[in-house]
Asker: 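The structure that follows is given in the form of structure tokens.
Convention: sequence-line order gives letters A, B, ...; per-chain numbering from 1. Atom set for the values below is all heavy atoms of this structure, side chains included, hydrogens, waters and symmetry mates excluded.
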Number of protein chains: 2
Amino acid sequence: MRDFSKKLRVLLIDDNANHLRGIKELITLESSYNVVGTTTSANIGINLIKRYQPDIVVMDINMPEKDGLQALKAIGKLGLETNVVILSGYDDSDLIYRAMKLGAKGYVLKTMASMKLIDAIEQVSEGRIYLPAVLSTRFFEHFQAVAQKEEASANEENLLSSLTMRENEVLDLLTQGINYKSIAAKLVISETTVKTHVNNIFQKLQVNDRTNAVLYALTHGFKTSASKSQVMTAV
Amino acid sequence: MRDFSKKLRVLLIDDNANHLRGIKELITLESSYNVVGTTTSANIGINLIKRYQPDIVVMDINMPEKDGLQALKAIGKLGLETNVVILSGYDDSDLIYRAMKLGAKGYVLKTMASMKLIDAIEQVSEGRIYLPAVLSTRFFEHFQAVAQKEEASANEENLLSSLTMRENEVLDLLTQGINYKSIAAKLVISETTVKTHVNNIFQKLQVNDRTNAVLYALTHGFKTSASKSQVMTAV
DNA sequence: TGTTTTCTAAATCATAAGGTTTAGATAAGT
DNA sequence: ACTTATCTAAACCTTATGATTTAGAAAACA
């Protein structure tokens with residue numbers, strides 16, 4: 001939670017020096033904020049973040065030198081508690097999705113009223129997420145589109161369904177990179193039996209070596225015993 | 001977009017018959033909705049959806065027979081334009097995340113004012129997403145937590161960084177399940193050279209067969225040439 | 001009862017894959 | 001000039017893997 005007794009330390013990164021000045025003035029008007037630094041360079045910005053460890057970073061996502069997504073990634077790697085509010089001229093759903101995925105806590109369009117930026121900073125500093133309604137709709141559409149693709153490839157008429165229980169167990173072990181001898185030991189059956197199962201698996205999956213069997217399994221939503229039990233406990 | 005000249009066809013699924021009656025009355029009060037069916041069984045519900053193809057399904061996510069997530073999945077597989085509004089007593093972030101991932105368009109807590117349900121149906125039927133502010137915050141937290149885990153495992157100090165350019169190319173082909181002979185052909189080098197590279201890869205990745213090399217690559221964020229070019233064009 | 005499926009297992013064979021060493025040619029860096 | 005890294009390649013050997021056939025036992029099914 002935010003400590004209201006202290007001023008929030010804010011760092012600004014925008015390659016456009018004019019915008020930078022404008023934003024700084026806007027934020028400085030609010031007595032509860034303290035702009036600890038401004039820079040037009042993403043790389044310098046990252047160093048400033050390391051040095052000053054601000055509470056909030058307001059950053060343009062569209063910069064030439066290092067794009068905002070890369071900068072976000074770099075900031076994430078610092079492992080600080082700094083929250084980032086993205087400032088952007090774009091409203092592309094993929095960009096929003098990727099920014100949120102990389103840990104951005106707020107997203108403000110440059111076309112929006114400037115007071116909205118203060119709103120966003122306020123929200124984000126209190127640990128909440130700030131996304132204008134338009135953008136959150138876009139975000140969800142994109143999120144669901146991505147999820148749908150994953151589902152589709154997992155549900156695709158797949159050869160995996162033709163495997164027997166035992167073959168599933170064997171394939172599971174194959175996807176862990178285990179060899180015949182160890183599989184036999186784990187399942188307490190002979191090595192030749194394992195070979196028989198594996199060959200049957202190959203035929204059913206229409207491949208002719210382990211690597212391709214494993215690749216098929218992984219790209220067609222094969223549920224390993226580990227992930228199965230995970231689902232069981234989660235539900 | 002919604003056609004205002006027609007009544008919206010709504011189907012209700014809730015294992016609690018009392019809730020079901022309550023919701024039906026609430027919705028029927030609105031003259032623009034037409035409740036085409038109600039059922040306490042998820043399985044029957046799915047059949048009703050197939051038969052009546054409603055515009056909106058309002059479904060409880062917490063049902064004994066078939067849980068709401070499974071039902072959502074089944075509805076998704078029907079490939080209809082039906083939009084689902086989830087009704088729930090829970091506010092668990094993982095549940096919201098998974099429901100949204102499976103294509104739910106709205107999420108209403110049972111504790112919320114009943115008029116909110118009408119709001120949600122209205123929003124969703126117009127193609128938007130409905131998530132109360134509390135839940136969208138939870139959703140984003142969960143979303144970012146999941147994304148962070150992915151990032152973490154991809155950024156983990158990994159052995160992949162020690163590979164040379166050529167070794168990367170070879171590993172890329174290995175992850176496509178290609179054998180020595182074909183790799184040699186693709187790279188226009190001899191098979192023995194490929195073997196040399198592969199052996200060097202094994203040592204660097206600390207594995208001793210292709211399957212484990214491929215598994216290591218896939219689970220440690222190895223970028224294939226395909227995904228690399230994708231990133232290039234996307235940025 | 002007869003049929004099919006699944007799991008088990010062995011035998012045999014061919015070859016792909018893995019391990020190790022040695023070495024020449026370049027290119028890059030000190 | 002010297003060293004190091006990288007890419008290339010061959011020879012040699014061992015073993016793991018894959019392909020195919022045959023077959024017994026148990027369970028499921030018609």
Asker: Do B/Leu95 and B/Ile86 have side chains that get closer than 4.5 Å, going by heavy atoms?
Answerer: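 B/Leu95 does not reach B/Ile86 side chain to side chain.
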Asker: Does a side-chain N or O of B/Tyr180 approach OP1 or OP2 of C/dG18 to a distance below 4.0 Å, or not?
Answerer: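 Yes, such a contact exists.
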Asker: Give me the atom names and distance for the closest heavy-atom approach of B/Gly127 to A/Glu141.
Answerer: O-OE2, 4.1 Å
Asker: If you only use heavy atoms from C-beta on, which nucleotide in D/dT8, C/dA16, C/dA9 is closest to the side chain of B/Asn179?
Answerer: C/dA16
Asker: Starting at CG of A/Asp209 and ending at C1' of D/dA16, how long is that distance when rounded to a whole Å?
Answerer: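 A/Asp209 atom CG is separated from D/dA16 atom C1' by 13 Å.
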Asker: Angle between the two end axes of the helix from C/dT1-D/dA30 to C/dT30-D/dA1, five base pairs per end, rounded to 10 degrees?
Answerer: 50°
Asker: Any side-chain N or O of B/Thr164 less than 4.0 Å from the OP1 or OP2 oxygen of D/dC7?
Answerer: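 For D/dC7, OP1 or OP2 has a side-chain N or O of B/Thr164 closer than 4.0 Å.
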Asker: Does A/Thr192 put a side-chain nitrogen or oxygen below 4.0 Å from OP1 or OP2 of C/dA9?
Answerer: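 No.
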Asker: Heavy-atom distance under 4.5 Å between the side chains of B/Ile56 and B/Val85, does that happen here?
Answerer: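 In short, these two side chains touch, coming nearer than 4.5 Å.
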Asker: Roughly how many Å is it from CG in A/Leu205 to P in D/dG18, rounded to a whole number?
Answerer: 13 Å
Asker: Which of these nucleotides, D/dA9, C/dG19, D/dG18, is closest to any side-chain atom of B/Ile189?
Answerer: D/dA9
Asker: Taking CG from A/Asn200 and C1' from C/dT8, how many angstroms apart are they, rounded to a whole number?
Answerer: 11 Å
Asker: Go through D/dA10, C/dA9, C/dA17 for me and flag the one nearest to the B/Ser190 side chain.
Answerer: D/dA10
Asker: For the atom pair CG (A/Asn200) and CD (A/Gln203), what is the distance rounded to the nearest 0.5 Å?
Answerer: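 Between atom CG of A/Asn200 and atom CD of A/Gln203 there are 6.5 Å.
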Asker: Atom CD1 of A/Ile201 to atom C1' of C/dT8: distance rounded to whole Å?
Answerer: 15 Å
Asker: Can you check the A/Asn212 CG to C/dA17 C1' distance for me, whole Å?
Answerer: 14 Å
Asker: Are B/Phe139 and A/Phe143 close enough that their ring centres sit under 6.0 Å apart?
Answerer: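 Close enough - the centres of the two rings lie under 6.0 Å apart.
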Asker: Mind calculating the distance between NZ (A/Lys204) and C1' (C/dC7) to the nearest angstrom?
Answerer: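 To the nearest whole Å, that distance equals 11 Å.
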Asker: Return the nearest nucleotide to the side chain of A/Asn208; candidates are D/dA9, D/dA19, C/dA9.
Answerer: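 The nucleotide sitting nearest to the side chain is D/dA19.
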Asker: Look at B/Asn199 and C/dG18 and indicate whether a side-chain polar atom (N or O) is within less than 4.0 Å of OP1 or OP2.
Answerer: no
Asker: With a 4.0 Å limit, can you tell me whether A/Arg166 has a side-chain N or O closer than that to the phosphate oxygens OP1/OP2 of C/dC7?
Answerer: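 Negative; the distance criterion is not met.
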Asker: Let me know the distance between CZ of B/Phe202 and P of C/dT20, rounded to the nearest Å.
Answerer: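 For the pair B/Phe202 CZ and C/dT20 P, the rounded distance is 12 Å.
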Asker: Would you mind classifying the nucleic acid contact of A/Lys195 as base, sugar-phosphate or nothing, using non-hydrogen atoms under 4.0 angstrom?
Answerer: base
Asker: Within the structure, does a side-chain N or O atom of A/His197 lie under 4.0 Å from either OP1 or OP2 of C/dC7?
Answerer: no
Asker: Do B/His197 and B/Leu171 come close enough that some side-chain heavy atom pair is under 4.5 Å?
Answerer: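 No, their side chains stay 4.5 Å or more apart.
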Asker: Take atom CD of B/Glu191 and atom C1' of D/dC12, then tell me their distance rounded to the nearest Å.
Answerer: 15 Å
Asker: Could you tell me whether the side chains of A/Asp94 and A/His142 share a donor-acceptor contact shorter than 3.5 Å?
Answerer: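 Per modelled atom types, A/Asp94 and A/His142 side chains form a pair under 3.5 Å.
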Asker: Which heavy-atom pair separates B/Pro54 from B/Arg9 by the least distance, and what is that distance?
Answerer: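 Where B/Pro54 meets B/Arg9 most closely, the heavy atoms are CB-O, 3.5 Å.
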